[in-house]
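Worksheet for the structure shown next.
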Amino acid sequence: MLTALLATAVLAGNPSPINPYKNCTLEWHTRALDHFTYLPETNQATFKQRVFVCGEEEWNPGQPIFFYCGNEADVTLYVEHTGLMWENRKRFKALLVFAEHRYYGESLPFGNNSFTKENIGYLNHEQALADYADLLRKFKISHKTESSKVIAFGGSYGGMLAAWMRMKYPSVIDGSISASAPILAFPGCHKATYDAPDSKYGSSFWDVVTRDATPAGGSRKNCDVAVKTAFSTLFEMGKTAEGRQSLQNIFSICTTPQAEDVVKVAYLQMYGWDMMAMGDYPYPSNYITNNGPILPPFPVREACKSMVDEAGNYPSGEALLKALAQATNLFNNATKTIDCYKLAADIEEDGIWDFQWCTEMQPQETYFARGANSMFWEFDYNATWVADRCKNKHGIVPRPYQIATQYGTEEEIAKYSNIVFSNGALDPWISGGVFVNTSTITSITIPLGAHHLDLFFSNPQDPQCVLDARKLELDHIESWLQA
């Protein structure tokens with residue numbers, strides 16, 4: 001889910017909306033390396049997991065614990081942005097615990113050698129869930145607070161973990177707020193284009209990105225048409241050496257692209273739209289830049305202003321490509337300090353998340369198909385190519401139906417309890433979201449919501465739909481704690 005830009009970029013820091021660390025204690029907890037096997041060489045192996053415990057001076061044993069299920073990033077990102085927990089801890093007299101996911105941030109089981117083929121095999125969602133369950137069990141014992149109820153929070157992959165925690169460890173988690181969690185974006189989960197790894201696998205993700213660039217998403221008309229035309233122009237220009245020289249100049253590529261590099265130039269632009277769609281928040285935000293530079297409100301709408309005029313007219317040829325470069329630089333060069341882009345060697349590069357794709361097929365949009373309805377060039381998913389690539393890179397092949405086997409379809413999810421699923425209509429990951437409502441499972445659609453906007457700190461520019469979503473989430477938390 002964390003998308004690489006296929007280019008070198010450095011993002012500058014930005015102050016957090018609060019200073020949470022004055023209320024937090026950094027702790028290092030010992031975790032088992034392997035929770036599930038009993039091999040002599042790993043049976044007693046451990047690593048240190050980074051945990052932030054916040055608000056303990058105002059909390060008493062027996063009172064609730066709000067637990068953030070760390071995502072595929074440094075845990076401080078979630079400490080600094082999960083306002084729903086911070087703003088409501090006093091109301092519920094809750095202690096806040098933010099746990100870092102193994103292999104991310106500073107929770108590295110093998111230090112700098114954690115990502116070798118020999119050592120990375122302990123990275124999967126099941127081990128992470130077991131880490132969290134073990135952490136909470138031991139924490140409650142050490143703090144003499146076995147009666148405390150625990151509410152799990154998470155957004156994106158963290159939202160998936162929060163939901164799965166409630167499903168798999170109901171004795172540990174009393175309820176979960178699962179925001180922008182595409183837990184149906186797996187083969188066998190019967191969700192839109194994700195149901196089977198065929199040629200159109202995942203294409204609905206890119207359809208949502210495209211929708212954001214239309215009047216339905218609040219953007220100027222014909223923006224999506226202009227973007228689609230621009231990509232066609234880009235590939236046509238890339239067929240000649242002279243054209244590729246022009247692409248280098250237009251898109252500020254450090255070296256002249258070769259014929260095989262043209263698609264990398266296109267991907268760099270596409271991922272800019274991808275990230276702006278996920279970060280299509282109603283106010284300035286630096287969450288989607290990983291605490292880097294601040295993007296403007298509704299960045300997709302802003303980018304579309306570079307593509308088309310108010311009447312929906314757009315240029316052609318090189319002028320259109322310059323408009324595309326200006327639009328995507330809103331994210332790609334948000335620092336305004338990048339002189340040129342060095343194209344990455346691997347167009348599918350996404351750090352160690354790529355390993356989680358190649359094992360459990362944890363959703364990664366770089367592999368998804370793109371259909372005729374998207375504003376990008378068409379691309380078919382190829383399961384054979386994916387298996388070969390994963391085997392060559394990581395020495396493994398994906399197990400496509402593992403998640404569906406463990407957690408089931410939307411019909412099976414409806415049988416669980418005490419989970420609120422929220423989905424932002426502007427967020428491409430809504431394509432894999434849950435929309436079932438029962439007496440024990442609630443789903444919320446936030447029309448003007450981007451990637452887990454409801455978990456953020458309150459903002460005067462929050463639309464009413466996100467205020468309503470947060471109220472409903474808090475009402476459910478209250479009912480779970482009172483049960």
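Numbers here are sequence positions counted from 1. Everything quoted here is computed from the prediction, not taken from an experiment.
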- Counting only N and O atoms by type, is there a donor-acceptor contact under 3.5 Å from the side chain of Q63 to the main-chain atoms of N60? yes

- Check: Y381 ring centroid to F368 ring centroid under 6.0 Å: no

- Query: Under 4.5 Å between any side-chain heavy atoms of Y416 and T440, yes or no?
  - Reply: no

- Message: Just by distance, no angles: are the side chains of E87 and S458 close enough, under 3.5 Å, to form a donor-acceptor pair?
- Response: yes

- So, D134 and H29: side-chain donor and acceptor under 3.5 Å apart, yes or no? no

- Query: Between atom CG of L136 and atom NZ of K138, what is the distance when rounded to the nearest 0.5 Å?
  - Reply: 12.0 Å

- Do the side chains of E100 and F52 get nearer than 4.5 Å, heavy atoms only? no

- Query: With a 4.5 Å limit on heavy-atom distance, are the side chains of F231 and M270 in contact?
  - Reply: yes

- Item | Gap separating the OH atom of Y122 from the CG atom of L33, nearest 0.5 angstrom | 5.0 Å

- Flag the pair K305 and E310 as a salt bridge only when some basic side-chain nitrogen lies within less than 4.0 angstrom of an acidic carboxylate oxygen. no

- Message: When you compare the side chain of L108 with that of F115, does any pair of heavy atoms fall below 4.5 Å?
- Response: yes

- Message: Check whether S107 reaches the backbone of Y103 with its side chain - one donor and one acceptor, N or O, closer than 3.5 Å.
- Response: no

- Message: Which residues pass the ring pair (Phe, Tyr, Trp, His ring centres under 6.0 Å) test with W59, not counting sequence neighbours?
- Response: none

- Item | T366 and Q364: side chain donor to acceptor below 3.5 Å | yes

- Message: So, using side-chain hydrogen bond (donor to acceptor under 3.5 Å, both in side chains) as the criterion, who are the partners of N329 when residues are at least two apart?
- Response: Y341

- Could you tell me if the ring centre of Y78 sits under 6.0 Å from that of F98? no

- Pair Y287 + F456: ring centers closer than 6.0 Å: yes

Please set out all donor-acceptor pairs under 3.5 angstrom arising from side-chain atoms of residues 218-225, sequence neighbours excluded.
from, atom 1, to, atom 2, distance (Å)
S219, OG, D212, O, 2.7
R220, NH1, V308, O, 2.8
N222, ND2, G312, O, 3.1

- Query: Have H101 and Y157 got a donor and an acceptor in their side chains that come within less than 3.5 Å?
  - Reply: yes

- Message: Regarding Y281 and Q461, do their side chains bring together a donor and an acceptor under 3.5 Å, going by distance alone?
- Response: no

- Query: Got M160 and Q362 here, is their nearest side-chain heavy-atom distance under 4.5 Å?
  - Reply: yes

- Message: Could you tell me if S374 and D207 have a donor-acceptor pair between their side chains, going purely by distance under 3.5 Å?
- Response: no

- Verify the distance criterion only: is there a donor paired with an acceptor across the side chains of T409 and E412 at less than 3.5 Å? yes

- Below 4.5 Å, heavy atoms only, C-beta onward: do H35 and D131 meet side chain to side chain? yes

- Can you name the nearest heavy-atom pair linking V209 to W273, along with the distance? CG1-O, 3.9 Å

- Message: Are Y267 and W377 an aromatic pair, judged by ring center distance below 6.0 Å?
- Response: yes

- Note on the structure: In short, side-chain hydrogen bond (donor to acceptor under 3.5 Å, both in side chains) pairs touching residues 186-202 with sequence neighbours left out are T193-S204, Y194-S431, K200-D380

- Task: Using only heavy-atom distances, determine whether the side chains of S422 and H452 contain a donor-acceptor pair under 3.5 Å.
- Result: no

- Is the closest basic N to carboxylate O distance between E360 and R399 below 4.0 Å? no

- Can a donor-acceptor pair be found between the side chains of Q269 and T328 at a distance below 3.5 Å? yes

- More than 12 heavy atoms from other groups under 6.0 Å of CD on Q464: yes

- Task: Applying salt bridge (Lys or Arg N to Asp or Glu O under 4.0 Å), name anything that partners K415, two or more places apart in sequence or on another chain.
- Result: none

- Query: Counting N and O atoms only, with roles assigned by atom type, does the side chain of E410 sit under 3.5 Å from a partner on the main chain of F435, one being a donor and the other an acceptor?
  - Reply: yes

- Could you check if a side-chain atom of N23 sits within less than 4.5 angstrom of a side-chain atom of W86, using non-hydrogen atoms only? yes

- Student check: side-chain heavy atoms of R91 and E478 closer than 4.5 Å: yes

- Query: Under 3.5 Å, is there a donor-acceptor pair linking the side chains of R166 and S178?
  - Reply: no

- Task: Please round to the nearest 0.5 Å and tell me the distance separating atom OG of S180 and atom CG of D427.
- Result: 4.5 Å

- Query: How would you list, by chain and number, every residue that makes a side-chain hydrogen bond (donor to acceptor under 3.5 Å, both in side chains) with T46, sequence neighbours excluded?
  - Reply: none

- Task: Establish, from distance only, whether the side-chain atoms of S156 and N71 form a donor-acceptor pair under 3.5 Å.
- Result: no

- Report yes or no: do N437 and S443 form a side-chain donor-acceptor pair below 3.5 Å? yes

